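The block underneath contains the structure these notes are about, expressed in structure tokens.
Along the sequence shown, the residues carry numbers beginning at 1. Computed from a predicted model, the values in this text were never measured in an experiment.
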Amino acid sequence: MDREALKRELTEQFHQSLDQAINAVEQAPDGSWIAASEWQVRELFQKLTAQAFERILQAKLDAAETSGAFSPSAPGAGQGKARAGRAQRRR
């Protein structure tokens with residue numbers, strides 16, 4: 001996985017989201033800055049978070065497939081096994 005290329009790509013996405021967030025607050029009417037922009041800003045960054053996580057996972061998968069370290073069809077190729085039929089939560 002080319003970490004530096006991935007960081008550049010994600011940084012560009014962050015800057016675009018940040019510009020959109022700043023625009024949302026700037027365009028909010030006086031007296032309603034929070035009400036008119038808060039959810040738009042939250043949605044922008046939630047979308048960015050999801051896209052970043054997806055892109056990082058995809059880069060790791062691509063690198064693993066290239067090196068032959070991962071085979072989605074190999075026996076036991078999951079991310080672990082749930083215990084007693086339920087996934088375990090981190091605390």
Side-chain angles (χ1 to χ4, degrees):
M1 172 168 53
D2 184 348
R3 292 176 62 96
E4 293 307 313
L6 184 57
K7 285 166 57 174
R8 284 189 300 273
E9 178 183 334
L10 295 174
T11 298
E12 178 59 32
Q13 287 180 344
F14 167 76
H15 284 284
Q16 291 172 3
S17 294
L18 184 58
D19 284 339
Q20 292 172 355
I22 292 169
N23 289 340
V25 174
E26 283 182 339
Q27 294 170 4
D30 288 344
S32 297
W33 294 343
I34 294 171
S37 64
E38 179 180 13
W39 285 102
Q40 186 176 359
V41 171
R42 284 177 185 247
E43 288 174 3
L44 283 166
F45 285 103
Q46 286 173 342
K47 182 178 176 184
L48 176 66
T49 299
Q51 289 172 336
F53 187 57
E54 179 181 328
R55 184 61 189 100
I56 293 165
L57 288 175
Q58 187 63 53
K60 184 165 179 79
L61 177 62
D62 292 346
E65 287 176 343
T66 300
S67 71
F70 175 74
S71 173
S73 60
Q79 288 188 357
K81 298 179 184 189
R83 296 181 203 157
R86 295 180 66 181
Q88 300 298 310
R89 283 189 141 173
R90 283 182 143 171
R91 293 179 193 234

Interatomic spacing from NZ in K60 to CD1 in I56 - rounded to 0.5 Å: 11.0 Å
If you compare all heavy atoms of V25 against all heavy atoms of S37, which two are closest, and at what distance to 0.1 Å? CG2-OG, 3.6 Å
Any chain of hydrophobic side-chain contacts (each under 4.5 Å) joining L61 to L6? no
To the nearest 0.5 Å, atom CG of L44 lies from atom CD1 of I22 at 11.0 Å
Cationic N near anionic O, under 4.0 Å, E38 to R42: yes
Hey, could you give me the CD/CD distance between E9 and Q51, rounded to the nearest 0.5 Å? 10.0 Å
Between the CH2 atom in W33 and the CD atom in E26, the distance rounded to the nearest 0.5 Å is 11.0 Å
Checking Q16 against E12: is there a side-chain donor and acceptor pair closer than 3.5 Å? yes
Flag yes if more than 12 heavy atoms outside I34 fall under 6.0 Å of its CD1 atom; otherwise flag no. no
Rounded to the nearest 0.5 Å, what separates atom CG in N23 from atom CD in Q20? 7.5 Å
Linking I/L/V/M/F/W/Y whenever any side-chain heavy atoms sit under 4.5 Å apart, do F14 and V41 land together? yes
Heavy atoms of M1 and A63 approach each other most closely as N-CB, 3.3 Å
Dump the intermediate steps for side-chain contact (heavy atoms from CB on, under 4.5 Å) on D62 and E65, then the final yes or no. CA-CA 5 Å; D62 292 346; E65 287 176 343; 4.3 Å; yes
In terms of hydrophobic clusters joined by side-chain contacts under 4.5 Å, are W39 and L18 together? no
